[in-house]
Visitor: 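One structure follows; several queries about it will come next.
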Amino acid sequence: MSDKLRSKISSKPEHWAAARQLSKQVSSDDMIFCSGDDIGVPVAAVCGELPKRPKIVVHFHNIDRPRGSLALKLFGLADKIDVFMACATPQTDFLRSYVAIPESRILVLLDQRDTQFFTPGPVSAEKKRQTVVNV
């Protein structure tokens with residue numbers, strides 16, 4: 001299956017190409033951490049097929065969407081990813097129910113926002129626009 005065709009299901013062709021390149025350089029002695037679905041799905045799909053595959057950890061953000069759920073099943077990611085990280089409990093609930101990932105392979109790393117550290121301040125006539133920031 002070509003990178004362009006795979007990217008119709010998940011990610012971008014460049015990520016699939018990067019995953020193929022990476023697969024030539026890794027072994028069972030390696031561990032790959034992917035910080036998002038965009039690179040995690042291609043890396044797991046490609047590197048997970050290796051006879052002596054590396055350990056793979058993916059931090060998912062949107063896996064419960066239609067394309068994400070299709071990628072999970074189509075590429076057999078439940079058997080290729082060692083640790084599934086998620087940023088919210090609905091994501092982990094989805095992984096448990098949709099592909100029966102055991103609790104021992106799921107890690108919840110909740111997004112954090114400190115609303116006390118930064119605020120846009122009080123409204124004033126001098127402000128032309130509201131300030132919205134996500135760090």
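Below, all heavy atoms of this structure are taken into account, side chains as well, without hydrogens, waters or symmetry copies.
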Visitor: Examine distances only and state if a side-chain atom of D30 and a backbone atom of P54 form a donor-acceptor pair shorter than 3.5 Å.
Guide: no

Visitor: R65 and D37: side-chain contact (heavy atoms from CB on, under 4.5 Å), yes or no, with the steps?
Guide: CA-CA 11 Å; R65 293 182 181 176; D37 318 40; over 6 Å; no

Visitor: Please answer: with hydrophobic residues joined when any side-chain heavy atoms are less than 4.5 Å apart, are L107 and F33 in the same cluster?
Guide: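 Linked, L107 and F33 end up in one cluster.
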
Visitor: Do the side chains of V41 and I32 join up, straight or via other hydrophobic residues, at under 4.5 Å, putting them in one cluster?
Guide: no

Visitor: Drop me the distance from M85's CE to C34's SG, to the nearest 0.5 angstrom.
Guide: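 Rounded to the nearest 0.5 Å, the CE-SG separation comes to 11.0 Å.
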
Visitor: Where is the tightest heavy-atom contact between A86 and T92, given as atom of each residue plus distance?
Guide: CB-CG2, 3.6 Å

Visitor: Would K4 and W16 count as a side-chain contact (heavy atoms from CB on, under 4.5 Å) if you check the C-alpha gap in whole Å, the side-chain angles of each, and the deciding distance to 0.1 Å?
Guide: CA-CA 8 Å; K4 192 169 186 174; W16 287 95; over 6 Å; no

Visitor: Are L77 and L50 joined in one hydrophobic group, where the rule is that I, L, V, M, F, W and Y side chains link up if heavy atoms are under 4.5 Å apart?
Guide: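 Different clusters: L77 never reaches L50 through Ile, Leu, Val, Met, Phe, Trp or Tyr contacts under 4.5 Å.
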
Visitor: Closest approach of H61 and C87, non-hydrogen atoms and distance?
Guide: ND1-SG, 3.7 Å

Visitor: Is a donor on one side and an acceptor on the other found under 3.5 Å between the side chain of R105 and the backbone of D82?
Guide: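 Yes; judged by distance alone, with no hydrogens or angles, the pair exists.
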
Visitor: Closest heavy-atom contact between C47 and I56?
Guide: CB-CD1, 4.1 Å

Visitor: I'd like to know whether CZ of R67 has more than 12 heavy-atom contacts from other residues, nucleotides or ligands below 6.0 angstrom.
Guide: no

Visitor: For residues 71-80, pull every pair meeting side chain to side chain donor-acceptor pair (under 3.5 Å), keeping only residues two or more places apart or in separate chains.
Guide: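 Residue pairs with at least one partner in residues 71-80: E49-K80.
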
Visitor: With clusters defined by side-chain heavy atoms of hydrophobic residues (ILVMFWY) lying less than 4.5 Å apart, directly or transitively, does V26 cluster with F75?
Guide: no

Visitor: Measuring from S28:OG to K55:NZ, what's the distance to the nearest 0.5 Å?
Guide: 7.0 Å

Visitor: Can you hop from V58 to V46 via hydrophobic side chains spaced under 4.5 Å?
Guide: yes

Visitor: Whether the side chain of D38 engages the backbone of S11 through a donor-acceptor N/O pair (distance < 3.5 Å, no angle test) should be reported.
Guide: no

Visitor: Can you tell me how far the CG atom of L109 sits from the NE2 atom of H59, to the nearest 0.5 Å?
Guide: 5.0 Å

Visitor: With side chains defined as the heavy atoms from C-beta onward, is the minimum distance between Q91 and F84 less than 4.5 Å?
Guide: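 Result no, sub-4.5 Å side-chain heavy-atom pair not found.
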
Visitor: For the residue pair D93 and D64, establish whether any side-chain heavy-atom pair is separated by less than 4.5 Å.
Guide: no

Visitor: By side chain to side chain donor-acceptor pair (under 3.5 Å), which residues pair with S10, not counting sequence neighbours?
Guide: none

Visitor: Would the distance check show the side chain of S7 and the main-chain N or O of K12 forming a donor-acceptor pair, the cut-off being under 3.5 Å?
Guide: no

Visitor: Say you draw a straight line from CD1 of I63 to CD1 of I81; how long is it, rounded to the nearest 0.5 Å?
Guide: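 Output value for this atom pair is 7.0 Å.
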
